[in-house]
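What follows is a single structure, written as structure tokens, with notes after it.
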Amino acid sequence: MTNNVNITNLNYKFRQDFAIIAGWVGFGSKVLDLGCGDGELLTYLRDSLEVKGYGVEKDDVNWLACLKNGTNVIQMDLEDGLSGFEDQSFDTVILSQTLQAMHKTEEIVQEMLRVGREIIVTFPNFGYWRNRIQITAGRMPVSKTLPYQWYDTPNVHLCTINDFDKFCKNHKISVIERKVITDGNEVSFMPNLLGNLAMYRLKAK
Amino acid sequence: MSENNSIGIVAPQTAHFSEALTLKSGEVLPQFDLVYETYGTLNAAKNNAVLICHALSGNHHVAGKYSADDKYPGWWDNLIGPNKPLDTNKFFVIGLNNLGGCHGSSGPSSIKPKSKKPYGASFPLVTVEDWVNSQARLLHYLGIESLTAVIGGSLGGMQALQWTIAFPERVKHALIIAAAPNLTAQNMAFNEVARQAIITDPEFYDGDYYAHKTVPRRGLRIARMLGHITYLSDDAMGEKFGRKLKDTIKYSFDVEFEMESYLRYQGDKFAGEFDANTYLRMTRALDYYDPALNFGGDLSKALSQVKAQFLVVSFTSDWRFSPERSREIVKALLDNELTVSYAEVTALHGHDAFLMPDTHYHNILRNYLQKIEFSDDK
């Protein structure tokens with residue numbers, strides 16, 4: 001599932017997380033991006049890997065942005081599940097930095113595993129040392145990856161890498177690969193402390 | 001010539017077809033007329049044509065006015081015109097009155113050839129499939145091989161879907177708005193009540209009321225009043241009328257609430273201009289349409305030969321053609337790995353929302369249509 005495309009030649013602001021996701025998605029495969037925003041990731045995957053991509057997006061403004069950039073986009077609320085999608089009908093289902101904002105966390109992961117042969121989940125690591133410092137200082141963390149105040153945050157289920165590892169184990173989800181990055185660089189030493197963004201490539205056991 | 005980007009003054013045309021059309025029912029129409037209008041210019045490659053399919057009470061007069069003093073333009077004028085979402089600078093737009101209609105195409109109220117009398121009850125029941133076949137005849141007549149897009153709302157959306165099934169090679173894009181892959185029992189029940197209102201009107205005369213120089217006005221009026229209730233949402237009626245009274249309560253059955261005044265006005269207006277036999281046939285076409293029927297109820301299988309790209313749009317407050325029904329279409333398209341986008345527009349106005357110029361809704365259509373590409377190389 002690797003690819004030989006030179007992603008640095010493309011006209012995108014380089015995003016390490018996109019590059020890692022591209023490395024986990026097969027050339028020409030069928031991809032579903034949940035909470036796809038303005039379609040940036042799908043556009044990137046389409047242009048670099050010729051994927052057949054569909055996005056799911058609830059917000060009108062983002063939905064229209066997807067339409068404008070030529071992304072197939074289905075308007076629906078992920079909290080309602082993925083009943084519009086058949087079992088195992090996608091090679092990869094992606095939930096990029098949206099897990100923490102989901103109310104029905106277990107349900108969406110189970111739905112992703114139902115619809116996708118593999119799934120990719122990425123989330124901000126609440127165990128990152130900068131978050132821990134702010135907590136130690138007696139405040140809820142506010143940072144580039146968690147840019148909200150406690151009272152206006154859409155994030156309702158923040159977790160650490162250790163928490164998510166345990167979640168996978170308890171839910172019989174096998175981790176094919178896990179990468180952790182901070183400011184675009186991969187972190188292998190003490191990832192739950194030094195890693196800002198956690199990225200998981202998963203499949204059902 | 002334009003005010004507010006209007007297409008301006010338009011005129012209907014009639015195409016006569018002398019080759020027989022075999023209908024889904026098995027009946028044969030030996031000949032028929034279709035009345036239509038076009039807006040914009042067909043390009044040299046003849047690949048910029050867009051067909052507009054009308055709903056229950058629509059017709060070929062989709063945009064523009066017949067004269068400068070016309071009070072109202074065509075029924076989808078807010079969508080179609082120079083620089084409007086469906087831009088007539090780019091597209092050649094065709095609107096027609098469906099077979100069985102009452103606005104000039106062959107239908108129950110038109111004169112049956114050689115008889116000098118209206119068809120009346122003898123006009124056959126036509127289906128969505130028959131309409132699409134007759135529309136294909138019209139395209140052929142206009143020298144157009146394929147459509148760059150077919151657009152329809154409600155019953156028109158069913159025709160747009162049917163186009164992609166019947167002629168997969170001849171339609172590039174289908175815009176299916178406020179539609180459904182078939183009607184639910186509840187939806188058909190409304191149609192049945194409407195038909196019963198007409199059929200039990202003493203002036204109906206088994207459909208041959210023309211000979212008696214009368215029309216089943218009361219039945220048609222009630223049918224339309226019922227329809228109007230279902231096209232609006234509870235919230236929209238609440239906002240428009242609420243419990244507002246015309247005057248003080250009079251303890252009578254006259255018009256006392258504003259809502260009654262509206263329904264009676266709409267019913268009377270419709271009964272004065274629409275043909276009851278056409279209404280019966282349009283509602284039956286709605287009931288009968290069910291492309292999955294021959295595929296064990298599996299819509300995905302019914303769409304297995306489809307090639308078009310799709311935009312499906314529904315409206316949150318539409319309970320006659322609810323978002324759930326549009327999602328069934330979307331699922332079947334996804335199952336076939338077709339190119340599809342689906343918008344669920346937040347709207348107050350119920351089913352009627354598809355005819356309204358909501359900014360977000362029109363932005364969706366504008367952007368989708370702007371992205372459609374075709375080369376004018378012959």
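Values below: every heavy atom of this structure, side chains too, minus hydrogens, waters and symmetry copies. In what follows, every chain begins at residue 1, and chains take the letters A, B, ... in the order their sequences are listed.
Smallest separation of non-hydrogen atoms from B:V345 and A:Q75: N-OE1, 4.4 Å. Nearest heavy-atom pair across B:S341 and A:V73 is OG-N, 2.9 Å. Residue B:Y342 comes nearest to A:W63 through the heavy atom pair O-NE1, 2.8 Å, listed as atom of the first residue, atom of the second, then distance.
Interface remark: of the candidates A:L64, A:V61, A:T71, A:L64 forms the most heavy-atom pairs closer than 4.5 Å to chain B. Heavy-atom pairs under 4.5 Å with chain A were tallied for B:E328, B:R327, B:H360, B:Q370; the largest tally goes to B:H360.
If you measure heavy-atom distances from A:N69 to chain B, the contacts under 4.5 Å come from the backbone alone. The part of B:V330 that comes within reach of chain A is its side chain, from C-beta onward, which places non-hydrogen atoms under 4.5 angstrom from that chain. Residue B:D335 touches chain A through its side chain alone, counting heavy-atom pairs closer than 4.5 Å. Residue B:L333 does not touch chain A at all, counting heavy-atom pairs closer than 4.5 Å. For A:K68, the parts lying near chain B are the backbone and the side chain together; criterion is any non-hydrogen pair under 4.5 Å.
Heavy atoms of other residues, nucleotides or ligands lying less than 6.0 angstrom from CG of B:D234 number 12 at most. Within a 6.0 Å sphere centred on NZ of A:K52, heavy atoms belonging to other residues, nucleotides or ligands number more than 12. Enclosure of atom CD in B:E324 by more than 12 non-hydrogen atoms of other residues, nucleotides or ligands within 6.0 angstrom is indicated. Under a cut-off of 6.0 angstrom, the local environment of CD in B:E239 is sparse, with at most 12 non-hydrogen atoms contributed by other residues, nucleotides or ligands. The number of heavy-atom neighbours closer than 6.0 Å to NZ of A:K144, taken from other residues, nucleotides and ligands shown, is 12 or below.
Using a cutoff of 4.0 Å between basic side-chain nitrogens and carboxylate oxygens, B:E337 and A:K30 are scored as salt-bridged.
For the atom pair B:L311 CG and A:L67 CG, the distance stands at 6.5 Å (nearest 0.5 Å).
Looking only at side-chain heavy atoms (C-beta outward), A:E86 and B:K331 come within less than 4.5 Å of each other.
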